[in-house]
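Side chains are part of it too, since the values below use all heavy atoms of this structure and drop only hydrogens, waters and symmetry mates.
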Amino acid sequence: MTFIRAYLRASTQEQDATRARGELEQFAADRGLKVAAWYIENESGAKLERPELFRLLADASEGDTILLEQVDRLSRLSAQDWETLKGMLAKKRLRVVALDLPTSWMAATANMDETTTAILSAVNAMMLDMLAAIARKDYQDRRRRQAQGIAKAKEQGKFTGRKSDTDRHALIVSMIDKGMSWTEVCKALGCSRATVKRALDSIKTGVN
């Protein structure tokens with residue numbers, strides 16, 4: 001039986017890293033599999049050293065499968081860092097199965113002969129490289145557009161830097177003062193616990 005380790009990632013604390021959990025569970029169930037371990041974090045995919053990713057790599061045994069929603073959840077890395085991560089995966093012969101990479105799906109369930117396995121592995125490696133490169137380009141393009149937007153705003157005298165969400169922070173503090181729990185506030189506003197903490201900290205320090 002293949003040991004499935006699911007990896008879920010979002011870039012910021014405000015984003016829901018668990019958004020695709022249901023899709024991964026359904027994908028596994030449709031193939032008679034069960035996700036045995038979940039690794040969930042809010043970190044940039046352009047960063048190699050991610051706590052939960054590295055915990056997954058440390059926990060994994062040879063031949064385990066890493067299940068992803070999309071390849072870009074695993075990597076928006078530079079070419080050098082992507083090669084480093086691929087080396088870590090290869091060292092334990094870990095399989096990568098991503099919902100946006102259909103050629104990888106057979107690796108989750110199929111018992112194939114040596115030749116078929118080698119061919120499929122080669123195809124998947126090529127496709128992984130391609131999707132990782134596309135994910136990196138998308139990351140760089142967005143950063144470039146952001147920088148261009150800021151530069152244009154500065155030229156027009158409209159750029160004032162990043163502002164904290166003062167009104168939202170005030171609302172969070174008000175809800176907490178009325179006796180609502182952090183969980184209730186998060187559910188009502190659709191925010192993370194990190195956002196609640198920042199709101200409370202901003203009031204304590206007088207900084208918004």
Considering all heavy atoms, the nearest [X]-[Y] contact:
{"X": "D59", "Y": "Y39", "answer": "OD2-OH, 2.9 Å"}
{"X": "C191", "Y": "R168", "answer": "CB-NH2, 3.4 Å"}
{"X": "S75", "Y": "A132", "answer": "OG-CB, 4.2 Å"}
{"X": "E41", "Y": "L53", "answer": "OE2-N, 3.2 Å"}
{"X": "L8", "Y": "T18", "answer": "CD1-CA, 4.1 Å"}
{"X": "S61", "Y": "L94", "answer": "O-CD2, 3.4 Å"}

Indicate yes or no: at least one non-hydrogen side-chain atom of [X] is less than 4.5 angstrom from one of [Y].
{"X": "M175", "Y": "L189", "value": "yes"}
{"X": "V185", "Y": "T195", "value": "no"}
{"X": "F27", "Y": "L33", "value": "no"}
{"X": "R136", "Y": "S78", "value": "yes"}
{"X": "V96", "Y": "N124", "value": "no"}
{"X": "D64", "Y": "K92", "value": "no"}
{"X": "L89", "Y": "L57", "value": "yes"}
{"X": "S104", "Y": "M127", "value": "no"}

Could you give the distance from [atom1] ([X]) to [atom2] ([Y]), rounded to the nearest 0.5 Å?
{"X": "R21", "Y": "E23", "atom1": "CZ", "atom2": "CD", "value": "13.5 Å"}
{"X": "R5", "Y": "E52", "atom1": "CZ", "atom2": "CD", "value": "12.0 Å"}
{"X": "Q148", "Y": "K152", "atom1": "CD", "atom2": "NZ", "value": "10.0 Å"}
{"X": "L67", "Y": "R95", "atom1": "CG", "atom2": "CZ", "value": "13.0 Å"}
{"X": "E83", "Y": "M88", "atom1": "CD", "atom2": "CE", "value": "12.0 Å"}
{"X": "E69", "Y": "D100", "atom1": "CD", "atom2": "CG", "value": "8.0 Å"}

**Study point:** E184 bridged to K187 by N-O distance under 4.0 Å
**Key:**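 A salt bridge is absent here (no side-chain N lies under 4.0 Å from a carboxylate O).
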Practice item. Salt-bridge test for R76 and D138: reply yes if a basic N is under 4.0 Å from a carboxylate O, no otherwise. Key: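 Between D138 and R76 there is a salt bridge, with a charged N closer than 4.0 Å to a carboxylate O.
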Check your understanding: When hydrophobic residues are tied together by side-chain contacts of less than 4.5 Å, even through go-betweens, does Y139 share a cluster with L48?
Key ->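 Different hydrophobic clusters.
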Exercise for review: Say whether L171 and W182 are linked into one hydrophobic cluster, either directly or through other cluster members, by side-chain heavy-atom distances under 4.5 angstrom.
Suggested key: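 Hydrophobic grouping puts L171 with W182.
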Exercise for review: Test V71 against I134 for side chain to side chain contact (heavy atoms under 4.5 Å, CB included), laying out the working first.
Suggested key: CA-CA 10 Å; V71 173; I134 291 172; over 6 Å; no
Check your understanding: Around R193, counting heavy atoms of other residues, nucleotides and ligands shown, do more than 12 lie under 6.0 Å from its CZ?
Key ->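 Yes, enclosed.
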Exercise for review: Please indicate whether K197 has more than 12 foreign heavy atoms, meaning atoms of other residues, nucleotides or ligands, lying under 6.0 Å from its NZ.
Suggested key: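 No, NZ of K197 has 12 or fewer neighbouring heavy atoms, counting only those of other groups under 6.0 Å.
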Check your understanding: Going through the distances and angles, do R142 and Q146 end up as a side chain to side chain contact (heavy atoms under 4.5 Å, CB included)?
Key -> CA-CA 6 Å; R142 286 190 290 108; Q146 182 183 44; over 6 Å; no
Between [X] (side chain) and [Y] (backbone), is there a donor-acceptor pair under 3.5 Å?
{"X": "N42", "Y": "Q15", "value": "yes"}
{"X": "E43", "Y": "P51", "value": "no"}
{"X": "R9", "Y": "D72", "value": "yes"}

Review point. Taking it one step at a time, do L85 and L74 satisfy side chain to side chain contact (heavy atoms under 4.5 Å, CB included)?
Key: CA-CA 9 Å; L85 179 55; L74 182 64; 4.0 Å; yes
Check your understanding: Does the pair V173 and D177 meet the rule for a side chain to side chain contact (heavy atoms under 4.5 Å, CB included), with working shown?
Key -> CA-CA 6 Å; V173 172; D177 287 344; 3.6 Å; yes
Check your understanding: Checking side-chain hydrogen bond (donor to acceptor under 3.5 Å, both in side chains) for the pair Y7/R73: CA distance, chi angles, key distance, verdict?
Key -> CA-CA 8 Å; Y7 178 69; R73 299 303 86 194; over 6 Å; no
